[in-house]
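Just so it is clear, the model here is predicted, and its values are computed rather than measured. All values below were derived from every heavy atom in this structure, side-chain atoms included, with hydrogens, water molecules and symmetry-related copies excluded.
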Amino acid sequence: MLEIKFVRQNFETVEKALAARGHSTDLGGFKSCDDERRAILLELEALRHQRNVVSDQIAEMKRAGENADDIVAQMRDVSSKIKALDKSLAEIQETLEQMLLGMPNIPHVSVPVGKDETDNPVVNVVGERPEFDFEPRAHWDIGTDLGILDFERAAKITGARFPLYYGAGARLERALINFMLDIHTQVHGYTETLPPFIVNRQSMTHTGQLPKFEEDLFKLVDWDYYLIPTAEVPVTNIHQDEILTEAQLPIYYTAYTPCFRSEAGSYGKDTRGLIRQHQFNKVELVKFTTPQTSYDELESLRADAETILTKLELPYQVIELCTGDLGFSAAKTYDLEVWMPAQGVYREISSCSNFENFQARRANIRFKKKGLKGTELVHTLNGSGLAVGRCLAAILENFQQDDGSVIIPPALRSYMSGTEKITRETG
RNA sequence: GGAAGGGUGGCCGAGCGGUUGAAGGCGGCGGCCUCGAAAGCCGUUGAGGGUCUUCAGGCCCUCCGUGAGUUCGAAUCUCACCCCUUCCGCCA
């Protein structure tokens with residue numbers, strides 16, 4: 001959420017920034033609401049002041065044994081006025097709040113201007129794409145033939161876009177999760193967390209999924225609870241309504257969780273394979289930092305995610321999201337895209353973002369500097385480190401052999417009891 | 001699900017319907033003492049918003065789980081909800 005004062009004082013900047021995102025906001029409505037709110041507030045505070053002063057008078061008169069019936073009667077009037085104003089203030093405040101909750105973050109100055117994903121510049125290309133002397137097959141064919149993936153039966157159990165793994169496939173997924181968590185905790189200094197997979201409406205609002213993107217979420221019937229679309233939601237909300245000390249920062253968390261997304265509006269997209277599922281596994285990285293360090297922290301967060309791809313020997317590229325493709329809450333985002341030989345394209349496998357204080361303001365996460373008065377909002381960041389299902393898909397495709405088997409990347413073998421290869425027999 | 005108790009400032013904890021923004025303690029900060037430190041002593045120390053001012057700061061409003069209500073006046077009374085603890089029942 002943007003600060004109301006900031007929007008008020010930097011109208012043109014905000015308008016321009018939101019336009020660059022392709023966001024249409026009627027800021028005129030905001031202005032009149034904001035003016036009205038302050039007018040009401042002024043009047044209300046004056047009346048409250050009067051009430052406070054006179055109430056003290058009444059107390060004194062009563063103590064002195066005097067009769068205060070006259071002013072008490074007067075105050076009855078003032079009180080009902082206060083009540084009425086209170087109500088209109090609450091209403092206008094709610095309207096204003098909803099407007100602010102619906103406004104996306106302002107892109108960082110370094111973010112390239114563009115209209116959609118075709119304008120995202122490639123920052124870096126890493127690793128050697130594998131050469132095949134045969135036609136590389138898609139991971140869904142490889143996995144199904146090996147007997148480690150079963151999309152048909154998954155559809156019987158639930159429906160389309162759900163995964164079912166067997167044997168070495170299930171084990172590979174688990175190995176990837178453990179591998180990623182171990183690297184991030186033991187090498188990169190993140191604290192492992194295992195958060196709830198279901199969160200309440202407030203948590204979803206804090207990180208920006210609500211109120212605008214309700215249709216992307218799975219909601220529980222009869223509960224105001226939602227299945228998490230990413231660990232970002234529960235983990236960022238760990239510190240909601242807290243005042244941290246500067247010495248505590250930065251805080252690094254990593255979490256494995258399943259993620260649930262309705263994928264509304266993506267019917268017909270990536271209908272086959274593990275790329276777009278309603279349920280998938282992900283290891284997430286989350287940081288809480290001071291405003292001064294957050295952009296350095298974004299670079300190191302991205303490097304932490306890249307480490308996983310490098311160790312797995314998967315070719316990938318780094319792109320920077322342009323203003324038109326940036327997510328709602330993000331000020332700056334890098335995407336990591338892994339090479340998928342069968343499709344001949346790079347596919348997103350990680351998204352690393354700095355939200356600056358956008359989420360912190362919604363979630364009320366602040367910190368205090370030693371010896372100084374007042375508080376400051378922290379900056380929050382997060383990134384996938386990595387999406388596990390897509391990672392498994394990338395391994396199947398990049399490490400596939402002519403005979404339909406798949407080599408296990410060396411870095412993972414110790415997590416697979418030394419298994420070097422998945423074959424039809426071992427699968 | 002049944003019964004009881006409780007949610008107060010960074011933390012712990014007191015609080016008669018009217019100088020209680022809130023005693024006391026811890027922690028933090030400043031000072032005294034000391035070669036230095038500890039201990040001890042003294043002082044200081046919440047957040048959000050509005051408004052005035054060149055700044056420092058002044059003035060005002062709000063906040064004692066959340067939301068309604070009673071009252072001239074609510075941390076204090078009433079109701080509903082949420083959360084926590086303990087006991088009983090059930091259960092992975």
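Distance noted for atom P between B:C42 and B:G18: 31 Å (whole Å). Taking the P atoms as reference points, B:U66 lies 23 Å from B:U71, given to the whole Å. Separation of the P atoms belonging to B:G67 and B:U76 is 13 Å when rounded to the nearest angstrom. Going from the P atom of B:C61 to that of B:A56 covers 22 Å, rounded to whole Å. A distance of about 27 Å separates the C1' atoms of B:A92 and B:A4, rounded to the whole Å. The same atom, P, is picked in B:G21 and in B:C64; the two are 12 Å apart, to the nearest Å. Taking atom C1' on both nucleotides, B:U44 is separated from B:G25 by 16 Å, rounded to a whole Å. Comparing B:C90 with B:C84, their P atoms sit 23 Å apart, to the nearest whole Å.
At whole-Å resolution of the value, NZ in A:K368 and P in B:G48 are 8 Å apart. Atoms CG (A:N364) and P (B:U66) sit 13 Å apart, rounded to a whole Å. If you take CE of A:M1 and C1' of B:G48, they are 13 Å apart, rounded to a whole angstrom. Across the protein-nucleic acid pair, A:D241 atom CG and B:C83 atom P stand 16 Å apart, rounded to whole Å. Here the P atom of nucleotide B:C61 and the CZ atom of A:R37 are 17 Å apart, to the nearest Å. Between A:D56 atom CG and B:C72 atom P there is a gap of 16 Å when expressed in whole angstrom units. Distance A:L96 CG to B:G50 C1': 15 Å, rounded to the nearest Å. When rounded to the nearest whole Å, the span between CG of A:L42 and P of B:G50 equals 11 Å.
Here ring pair (Phe, Tyr, Trp, His ring centres under 6.0 Å) pairs that include residues 77-109 of chain A, with residues two or more places apart or in two chains, are A:H108-A:Y295.
Within 4.0 Å (heavy atoms only), A:I71 reaches no atom of the nucleic acid at all. Contacts of A:T245 with the nucleic acid, taken as non-hydrogen atoms under 4.0 Å apart, are absent.
Taking the side chain as every heavy atom from C-beta outward, A:Y190 and A:L285 approach each other to under 4.5 Å.
Among the nucleotides B:U71, B:G10, B:U62, the one closest to any side-chain atom of A:R76 is B:U71. Comparing B:C72, B:G10, B:C61 by their closest approach to the side chain of A:R48 singles out B:C61. Out of B:A47, B:G73, B:G49, the shortest distance to the side chain of A:L41 is found at B:G49.
The heavy-atom pair separating A:T236 from A:F288 by the smallest distance is O-CZ, 3.5 Å. Nearest heavy-atom pair across A:E284 and A:V286 is CG-CG2, 4.0 Å. Taking both residues in full, the closest heavy atoms of A:V338 and A:Y316 are given as CA-CB, 4.0 Å, listed atom of the first, atom of the second, then distance.
Less than 4.0 Å separates RNA chain B from at least one heavy atom of each of the following residues of residues 77-95 of chain A: A:S79, A:K83.
For the pair A:H49 and B:C60, the criterion of a side-chain N or O lying under 4.0 Å from OP1 or OP2 is not met. Between A:R366 and B:G48 there is a side-chain polar atom (N or O) within less than 4.0 angstrom of OP1 or OP2. Contact check, A:N52 against B:C61: a side-chain N or O comes under 4.0 Å of OP1 or OP2. The side chain of A:R8 contributes an N or O atom lying less than 4.0 Å from OP1 or OP2 of B:G50.
The six-membered or imidazole ring of A:H239 lies near that of A:Y253, with a centre-to-centre distance under 6.0 Å. Here A:F218 and A:Y226 keep their ring centres 6.0 angstrom or further from each other. Aromatic ring centroids of A:F358 and A:F328 lie under 6.0 Å apart.
Along RNA chain B, the nucleotide nearest A:A59 and the nucleotide nearest A:A46 are compared for position; the residue whose nucleotide lies closer to the 5' end is A:A59. Both A:T375 and A:V72 lie near RNA chain B, and the one whose nearest nucleotide falls closer to the 5' end is A:T375.
For RNA chain B, each stem of at least three Watson-Crick or G-U pairs (distances under 3.5 Å) is given as range with range: B:1-7 with B:82-88, B:10-12 with B:24-26, B:27-32 with B:40-45, B:46-52 with B:57-63, B:65-69 with B:77-81.
Looking at A:K115 and A:D325, no side-chain N of the basic residue comes within less than 4.0 Å of a carboxylate O on the acidic one, giving no salt bridge.
Both tests hold for A:K31 against A:F11: distance to the six-membered ring centre under 6.0 Å, angle to the ring axis within 45°.
Atom NZ of A:K219 has more than 12 neighbouring heavy atoms from other residues, nucleotides or ligands inside a 6.0 Å radius.
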